[in-house]
Amino acid sequence: MELAKAYDPKSAEENHYKRWEESGFFRPEINQDPNAKKYSIVIPPPNVTGSLHMGHALQHTIMDVLTRWKRMQGYKTLWLPGTDHAGISVQRKVVEQLRKDENKSPLDIGREEFIQRAWRWKEQYGNTITEQMRREGASVDWTRHRFTMDESLSLAVRNVFCTLYDEGWIYRGLRIVNWCPKDKTVLSDLEVKEETKKDGKLTYLKYPVIGTDETVTVATTRPETMLGDTAVAVSPSDERYKHLVGKTIALPLTNREIPIVADEYVDAEFGTGAVKVTPAHDPNDYLIGQRHDLEQLLIMDDSGKMNAAAGEEFVGLDRFVARAKVVEMFEELGLLEKVDDYEITLPVCERCKTIVEPILSEQWFVKMDEMRDMALDLMRDEGVPHFSPQVPHEKVYTAWLENLKDWTISRQLWWGHQIPAWYDEDGNVFVGRTEAEAVEKSCGKTLKQDSDVLDTWFSSGLWAFSTFGWTAQGDAADFSDDLEDFLPTDVLVTGRDIIFLWVSRMIMLTKKFTGQKAFEDVVITGTVLGKDGKPMSKSRNNGVDPIEMFDKYGVDATRIYLASIATGADIKWNDTGVEMYRNFANKIWNATRFCLMNSEGIAVDHASLMADDMPLPDKWIVSRLNKTAMDVNKALDKYEFHTAVSLLYHFFWDDFCDWYIELKKDEINGGDAASTTRIITILEIAIRMLHPFMPYLTEDLWLKLPGISSELHNAAYSEAAATVMLTSFPPGDAAAIDERAEREMDAVIDVIKKVRNIRAEMNISTAIKFTVHIAADAGVQEVFRANEAQILKLAKAEALVIAAELDVPRASAKAVTNDARLAVPLEGLIDFDVERTRLNNQITKLTEEKTRLDGQLSNANFVDRAPAEKVTELRDRSMELEAN
RNA sequence: GCCGUCUUAGCUCAGUGGUAGAGCACUCGCUUCACACGCGAUAGGUCACAAGUUCAAAUCUUGUAGACGGCACCA
């Protein structure tokens with residue numbers, strides 16, 4: 001068979017995925033071994049509004065490597081795909097579309113119509129990422145694709161909500177929450193990001209104390225909130241203010257009078273020592289308000305504009321306009337003490353960057369204390385989940401859990417899971433799985449459903465088991481076969497940004513509702529940074545599109561490059577890294593091309609590698625192959641993908657291509673059937689090992705190999721059509737590791753390298769052949785004699801003289817290896833002055849090393865305490881240098 | 001403020017106590033019949049800095065500097 005001269009990734013990528021998918025190769029059912037162990041991964045569901053970015057590509061690569069590896073090992077394997085309904089993001093897209101196309105607001109069309117539009121939007125645009133995943137070669141079971149708003153997953157959400165409510169883990173309450181005035185919804189703490197503003201102001205306001213001519217100065221970064229002040233607080237131990245506690249302030253710009261209270265929260269050392277208290281607009285003030293039974297005065301509406309409570313002059317003003325106006329009016333009143341520049345960090349909405357307003361609002365919350373304890377116990381008692389890398393994630397995870405606050409789960413959106421709570425006219429709440437159930441609970445009243453939906457992460461939190469069909473219908477848990485087979489999942493692969501948002505919640509909710517672990521292991525990937533070393537982002541415009549990389553270098557090259565990053569480490573994207581693996585793919589292609597050129601009448605035959613009478617290079621490569629296979633498996637077991645990649649790269653390129661093919665070339669070109677069978681067989685095994693990383697290339701090549709048949713398949717997949725996907729992953733055989741062959745081969749390789757080195761150093765043209773003299777122990781001499789032809793060919797030498805001692809003219813180039821001394825008599829074609837300088841430099845270097853070694857060896861401490869083999873090693877090296 | 005990670009060859013990165021590694025780039029030589037996305041051979045690092053532990057430190061401890069991340073606070 002003749003292959004093209006270079007590998008073209010496109011054709012391989014186009015030829016195989018569809019067939020794999022349509023043949024059901026990705027489905028666990030393809031495994032027909034009734035005793036097969038199960039292996040499962042659920043995908044972190046990408047957002048339906050998203051498209052593939054490098055972070056996905058990295059995580060998907062790792063998940064696919066694990067899945068393909070385990071599948072080949074004979075596990076009944078499921079990688080379950082899906083998408084997330086992304087409440088706020090989709091809502092915003094649909095609102096935008098509505099405004100642009102029809103100049104309408106959601107209120108114009110109503111909730112029902114809006115939700116229909118959102119579904120339409122999702123159908124139309126929500127599949128971008130799933131199509132891109134096909135391009136990646138992701139071996140997910142598409143027949144099990146889930147969406148967080150699928151019927152069964154929605155049912156799970158309702159059931160979980162009701163159970164948690166019934167057990168008192170979910171409550172509704174008035175709390176200070178993070179409010180985004182643009183999205184007009186509450187946000188959880190995790191959806192709020194801090195942004196540092198250097199141009200912030202700290203405004204000092206003077207409040208007159210009634211019945212005195214004193215004023216109390218308070219400082220604030222949000223002057224407009226003074227309109228909602230209902231007290232001023234000072235430290236109980238602050239002598240400066242002691243006489244004022246209990247007195248009343250005439251709050252400027254309002255006609256309200258507010259008390260001065262003493263509260264431990266206030267730090268006398270900080271600022272002026274007096275704090276304005278706005279219970280409806282600040283979390284700390286809220287707590288002070290609770291302690292002193294203060295009024296909670298809400299002065300803003302849901303869009304961040306001042307409401308009637310703020311007073312006639314302010315109503316309708318945006319909060320920032322009101323801020324300026326308050327400062328201005330204080331100045332006019334002579335009550336503005338000063339305005340300082342102040343660096344401040346502001347909470348902003350993670351998605352739209354609007355400054356978040358803390359606001360008093362009635363919302364639904366999940367009480368986290370008991371769930372937190374469950375998760376902490378799991379970690380303490382069983383070490384689950386085991387993070388890779390363990391440091392620092394385990395510690396960060398644990399620390400976060402220990403300080404966990406209640407979780408705000410209601411969102412003022414229409415797109416999502418509407419909260420299964422209904423109210424009667426008096427505002428009494430009835431929670432039920434259906435409206436009928438709620439009505440029944442209310443004894444037949446007319447009810448209205450809560451208009452809010454649940455946080456998207458609430459449904460994502462059920463992902464580890466809701467995807468397997470868990471709905472907990474009624475009171476009896478509904479255990480589907482999938483749930484039984486695949487929960488707990490084996491590993492979760494994700495980025496560190498959602499450890500809290502998603503991973504931790506999934507652990508807690510899975511434990512609570514199924515009694516199971518969501519997953520044993522968590523692999524936390526690093527961040528792929530832009531070429532500037534900063535995280536990729538639209539605003540920085542430093543993003544690298546995976547699809548472009550696929551087009552430029554091929555999917556396989558991109559995948560294996562991503563897999564070559566140390567687990568958990570950040571990496572700056574660099575094209576040359578991918579290019580390296582593009583070249584590697586081409587190398588594999590061409591090595592196969594060479595093997596196939598001579599393969600007529602040859603078939604892959606694993607028995608061919610078992611023969612006892614193989615020549616040294618064959619014994620050696622079989623040993624290297626098995627050692628590599630064992631080490632690759634070990635590395636993958638530990639989630640050390642980069643180690644596995646490095647092992648495969650060096651085995652294939654250095655051992656197989658640079659040495660084995662070169663050593664065997666003459667035999668193979670000469671039509672030696674036994675040699676050709678062996679090289680094809682070794683190639684076949686190597687291709688299988690590479691498959692999880694480079695699925696397209698390996699499938700393309702494997703199908704071209706002569707003599708592949710269903711007999712080579714993993715027994716679990718007896719009825720599968722031919723594909724490398726369903727072969728067995730080489731486990732490596734310790735018995736096939738031949739240390740002696742490796743030592744002998746190293747001796748041969750060293751000699752060849754030294755001769756090449758001499759040729760290059762002496763500037764001797766490859767056209768000139770010369771005789772190489774080798775001196776070695778008798779056993780080693782035999783090795784050189786047995787491999788004389790190979791040495792002559794690769795060293796481009798004419799003849800070998802092998803003996804116990806070197807017998808050469810003085811004008812010879814000499815070299816030493818671990819096992820031999822060698823010399824090339826020089827016929828005087830070199831410049832002796834140049835050569836002398838070079839040698840002098842080398843002597844200096846070696847002398848330095850010897851001095852250091854001898855120093856170590858003469859140190860009694862070292863000789864006594866260091867392991868014996870280490871001492872011997874150094875002694876040998878010292879003697880070797882002496883010999884030079 | 002607290003916790004944590006990183007700092008190794010020009011570039012991008014491996015390397016968790018025992019002679020400093022890879023790929024790319026650079027230099028030299030090869031149209032060698034699988035591959036120039038290639039082959040062969042060099043050159044290039046007081047492993048951020050300082051102190052300590054050890055016979056032995058890139059590797060362990062402590063401190064310093066720089067880069068970054070998480071959490072808290074922010075009147």
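Each chain gets a letter, A, B and so on, in the order the sequences are listed, and its residues count up from 1. Since we're looking at a predicted model, the values are computed, not measured.
Heavy atoms of A:Ile499 sit nowhere under 4.0 angstrom from any nucleic acid atom. A:Asn284 comes within 4.0 angstrom of sugar-phosphate atoms only, judged by non-hydrogen atoms across all strands, and of no base. A:Cys595 comes within 4.0 angstrom of nothing in the nucleic acid, heavy atoms only. The residue A:Thr345 sits close to a base: some heavy atom pair falls under 4.0 Å. A:Lys276 comes within 4.0 angstrom of nothing in the nucleic acid, heavy atoms only. Note on A:Asn403: nothing from the nucleic acid sits closer than 4.0 angstrom, heavy atoms only.
Among the candidates A:Leu562, A:Ile560, A:Asn586, the single residue satisfying the side-chain contact (heavy atoms from CB on, under 4.5 Å) test with A:Tyr581 is A:Ile560.
You'll find that the side chain of A:Phe594 is closest to B:rA34, out of B:rC39, B:rC13, B:rA34. Closest to the side chain of A:Ala6, from the set B:rA34, B:rC37, B:rA75, is B:rC37. Nearest to the side chain of A:Lys753, among B:rA41, B:rA75, B:rC37, sits B:rA41. Considering only side-chain atoms of A:His642, the nucleotide from B:rG15, B:rA22, B:rC74 that sits closest is B:rG15. Distances from the side chain of A:Tyr265 to the nucleotides B:rC74, B:rA36, B:rC71 place B:rC74 closest. The nucleotide whose nearest atom lies closest to any side-chain atom of A:Val266 is, among B:rA75, B:rG70, B:rU32, B:rA75. When distances run from any side-chain atom of A:Thr576 to the nucleotides B:rA34, B:rC24, B:rA14, the shortest one goes to B:rC24. For A:Lys5, taking side-chain heavy atoms from C-beta onward, the closest of the listed nucleotides B:rC71, B:rC13, B:rC35 is B:rC35. Each of B:rA22, B:rA75, B:rC37 was ranked by its minimum atom distance to the side chain of A:Phe270; first place goes to B:rA75. Checking B:rU42, B:rG38, B:rU32 against every side-chain atom of A:Trp653, the shortest atom distance belongs to B:rG38.
When the side-chain nitrogen and oxygen atoms of A:Asn574 are compared with OP1 and OP2 of B:rC24, none of them lie within a distance under 4.0 Å.
Looking at A:Asp532 and A:Lys534, no side-chain N of the basic residue comes within less than 4.0 Å of a carboxylate O on the acidic one, giving no salt bridge. In summary, A:Asp285 and A:Lys276 do not engage in a salt bridge, as defined by a charged side-chain N under 4.0 Å from a carboxylate O. Between A:Lys634 and A:Asp631 there is a salt bridge, with a side-chain nitrogen of the basic residue lying less than 4.0 Å from a carboxylate oxygen of the acidic one.
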What does the B/S/- profile of nucleotides 4-10 of chain B look like, 5' to 3', with a 4.0 Å heavy-atom cutoff to protein? SS-----

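Atom pair A:Asp263:CG and B:rA75:C1' shows a separation of 13 Å (rounding to whole Å applied). As rounded to whole Å, 14 Å separates atom C1' of B:rC13 from atom CH2 of A:Trp573. The nearest whole Å value for the distance from the CD1 atom in A:Ile565 to the P atom in B:rG15 is 13 Å. Going from atom CG of A:Asn598 over to atom C1' of B:rC33 covers 11 Å, rounded to whole Å. Put simply, OH on A:Tyr649 is 13 Å from C1' on B:rA14, counting in whole angstrom units. Atom NZ of A:Lys193 is separated from atom C1' of B:rG70 by 10 Å (rounded to the nearest Å).
Within 3.5 Å, a donor on the side chain of A:Glu662 pairs with an acceptor on the base of B:rA34, or the reverse. Judged by atom type and distance alone, A:Glu402 does not reach the base of B:rC71 through any side-chain donor-acceptor pair under 3.5 Å.
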When you look at A:Lys552 and A:Glu579, which way does the salt bridge (Lys or Arg N to Asp or Glu O under 4.0 Å) test go after all the steps? CA-CA 9 Å; A:Lys552 196 169 168 192; A:Glu579 213 175 305; over 6 Å; no

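Proximity of the aromatic rings of A:Tyr561 and A:Trp573 is defined here by a centroid distance below 6.0 angstrom, and this criterion is met.
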